[in-house]
Visitor: 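Can you read through this structure? Questions will come right after.
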Amino acid sequence: MKKIKVDLQKNSYNISIGKGILARLPDELKKINPTAKTFFLVDSNVNNYHANAIKNFSEAAGINYAYYVLKSGETAKNFKQLNLIYHFLLKEGADRKSIITAVGGGVTGDLAGYAASTFMRGVNLIHIPTTLLAMVDSSIGGKTGINFSHKKNMVGTFYQPNEVFADINFLNTLPASEVLSGLGEVLKYAFLLNKNFFEFVDYNMHKIISGEEKIIQKVIIECAAIKAAVVSKDEKGRGLRKILNLGHTFAHAFESELNFKIKHGEAVIAGLISAVFLSRRLGFISEERLKHFLHLPGKIDLQNKIIMHSKQNIYDLMLHDKKNVGGKIKFILPKDIGVMLIDVEAGKRDVFYALEAASSFITGK
Ligand SMILES: NC(=O)c1ccc[n+]([C@@H]2O[C@H](COP(=O)([O-])OP(=O)(O)OC[C@H]3O[C@@H](n4cnc5c(N)ncnc54)[C@H](O)[C@@H]3O)[C@@H](O)[C@H]2O)c1
């Protein structure tokens, strides 16, 4: 098992990554507070496969717990689900010492995290990510939230968990399409870290997709370590943390435009491709580097799901991105592997160009 620390003074916590580490959960719960009740909030698909394991470990260790199954899918990240969680917590006697344990992908983590941060002004929170995407990214860093008015993560908080437990055994039941989606964030980290990791991901792409454990575990450790290091330096995203949004200004607009019918990670891959084309258009990278950068995302078949229906709509959606200031869209663009440009402004024509170029790269037309 590997432990990585997110170093935030009194908000510091560990990310544990390994195979079969769920068995250690009861001890961790007792460490937080031996008498507190635990409230499991579990994604419905995860519940189908893993309910027995979660309940057996908890019962064997004498944990006092309540268990609630959450609707799965991006559209469940809403006020209605949140309301149901608050009712469940009240009905089951949650108090300020209680521990919410979120077991699921990024949707569960964001929703349960938001509930934990707001219920009684904040209760303990443990993330148990069960998707590749959640293990490498969403369970780390404390962003919580729900979608509102068709816009991603419009309502949310920063709220750090007490612990993150990434047990790679969960990935055994993850559908291949979700592994592919998780690759979106892995690719982002490949751009952010260094040439070695970029080449490692490129070389091992098939092994990652086929779920080869050693490779997947290394990828999760590398990505989690980058995210932990970035968040440790900039918890609230005022400076360095902005690099984690590489590809995401585009990606969030694609998701909204396509009514959340595409997966977040797929949108991120299309967003990375768009950001690379925009970087070239604005003269930050050469034609040769453009080709090098596109080689990796080009290996993933997005099956033409991301077709830019309306560039104007996508542009308008990007104008509403939370990261903008003064009505200007701010982009993170790659200059080299491991070298990002932050808060780049781009004109409408340049953005339209990037969208068209990305669209034809993805569709091959
Ligand atoms: N908070 C952050 O910093 C952050 C960062 C990146 C993404 N996100 C958010 O994360 C969400 C996407 O996360 P995701 O890709 O994990 O999606 P998800 O939570 O919707 O999970 C994907 C699918 O996999 C199923 N599933 C989960 N674990 C499983 C398992 N072990 N076995 C079988 N099925 C399983 C789920 O039921 C769901 O159908 C988005 O809402 C995105 O905005 C948040």
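Just follow the structure's listing: the first ligand is 1, and inside any ligand the first atom is 1. In this text the structure is predicted, and so the values were computed from the model without any measurement.
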Visitor: Using the test salt bridge (Lys or Arg N to Asp or Glu O under 4.0 Å), find all partners of D350 that sit at least two apart in sequence or belong to another chain.
Guide: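 Scan of D350 (salt bridge (Lys or Arg N to Asp or Glu O under 4.0 Å), adjacent residues dropped) gives R281.
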Visitor: If I apply the N/O under 3.5 Å rule, does I140 come out as touching ligand 1?
Guide: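 I140 vs ligand 1: no N/O contact under 3.5 Å.
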Visitor: Taking a cutoff of less than 4.0 Å between a non-hydrogen atom of the residue and any ligand atom, is H252 in contact with ligand 1?
Guide: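 In this structure, H252 fails to qualify as a contact of ligand 1 - no heavy atom is under 4.0 Å.
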Visitor: Would you mind telling me if ligand 1 is within reach of the side chain of N153, the backbone, both or neither, using heavy atoms under 4.0 Å?
Guide: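 Answer for N153: side chain.
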Visitor: Tell me: protein heavy atom nearest atom 14 (P) of ligand 1, and distance?
Guide: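 Nearest protein contact, heavy atoms only, for atom 14 (P) of ligand 1 is G106 N, 3.5 Å.
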Visitor: Tell me the protein heavy atom at minimum distance from atom 25 (C) of ligand 1, and give that distance in Å.
Guide: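 For atom 25 (C) of ligand 1, the nearest protein heavy atom is N45 ND2, 4.0 Å.
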Visitor: Tell me yes or no: between the side chains of Q160 and K10, is some donor less than 3.5 Å from an acceptor?
Guide: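 No, no side-chain donor-acceptor contact under 3.5 Å.
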Visitor: So between P175, G156, A134, whose heavy atom ends up nearest atom 34 (N) of ligand 1?
Guide: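 It is P175 that holds the nearest heavy atom.
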Visitor: My understanding is that we take every heavy atom of each candidate and find the minimum distance to atom 43 (O) of ligand 1. Doing that for E74, K152, H264, which one comes out nearest?
Guide: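 The residue whose heavy atom sits nearest atom 43 (O) of ligand 1 is K152.
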Visitor: For atom 8 (N) of ligand 1, which of S138, A76, S72 has the closest heavy atom?
Guide: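 Checking each option, the heavy atom nearest atom 8 (N) of ligand 1 is found in S138.
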Visitor: Between E178 and ligand 1, find which residue part has any heavy-atom pair under 4.0 Å and reply side chain, backbone, both or neither.
Guide: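 Only the side chain of E178 comes within reach of ligand 1.
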Visitor: Please check whether D137 reaches ligand 1 - meaning an N/O of the residue sits under 3.5 Å from an N/O of the ligand, judged on distance alone.
Guide: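 No, since none of the N or O atoms of D137 sits under 3.5 Å from an N or O of ligand 1.
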Visitor: Examine the side chains of T118 and Y86 and answer whether a donor and an acceptor come within less than 3.5 Å of each other.
Guide: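 Present: a donor and an acceptor within the cut-off.
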Visitor: In the protein, what heavy atom is nearest to atom 27 (C) of ligand 1, and what distance, to one decimal place, separates them?
Guide: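 Among all protein heavy atoms, the one nearest atom 27 (C) of ligand 1 is T131 CG2, 3.3 Å.
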Visitor: Compute the shortest N/O to N/O distance between V107 and ligand 1 and return yes if it is under 3.5 Å, no if not.
Guide: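 It does: an N or O of V107 is found under 3.5 Å from an N or O of ligand 1.
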Visitor: Would you please determine whether K227 falls within less than 4.0 Å of ligand 1 on a heavy-atom basis?
Guide: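 Under 4.0 Å: yes for K227.
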Visitor: Pairs of donor and acceptor atoms involving the side chains of residues 166-173, under 3.5 Å and at least two apart or interchain, shall be tabulated with distances.
Guide:
| from | atom 1 | to | atom 2 | distance (Å) |
| --- | --- | --- | --- | --- |
| D167 | OD1 | G20 | N | 2.8 |
| D167 | OD1 | N169 | N | 2.9 |
| D167 | OD2 | G20 | N | 3.4 |
| D167 | OD2 | I21 | N | 3.0 |
| D167 | OD2 | L22 | N | 2.9 |
| N169 | OD1 | K19 | NZ | 2.8 |
| N172 | ND2 | N169 | O | 3.3 |
| T173 | OG1 | H50 | NE2 | 2.9 |
| T173 | OG1 | F170 | O | 3.1 |

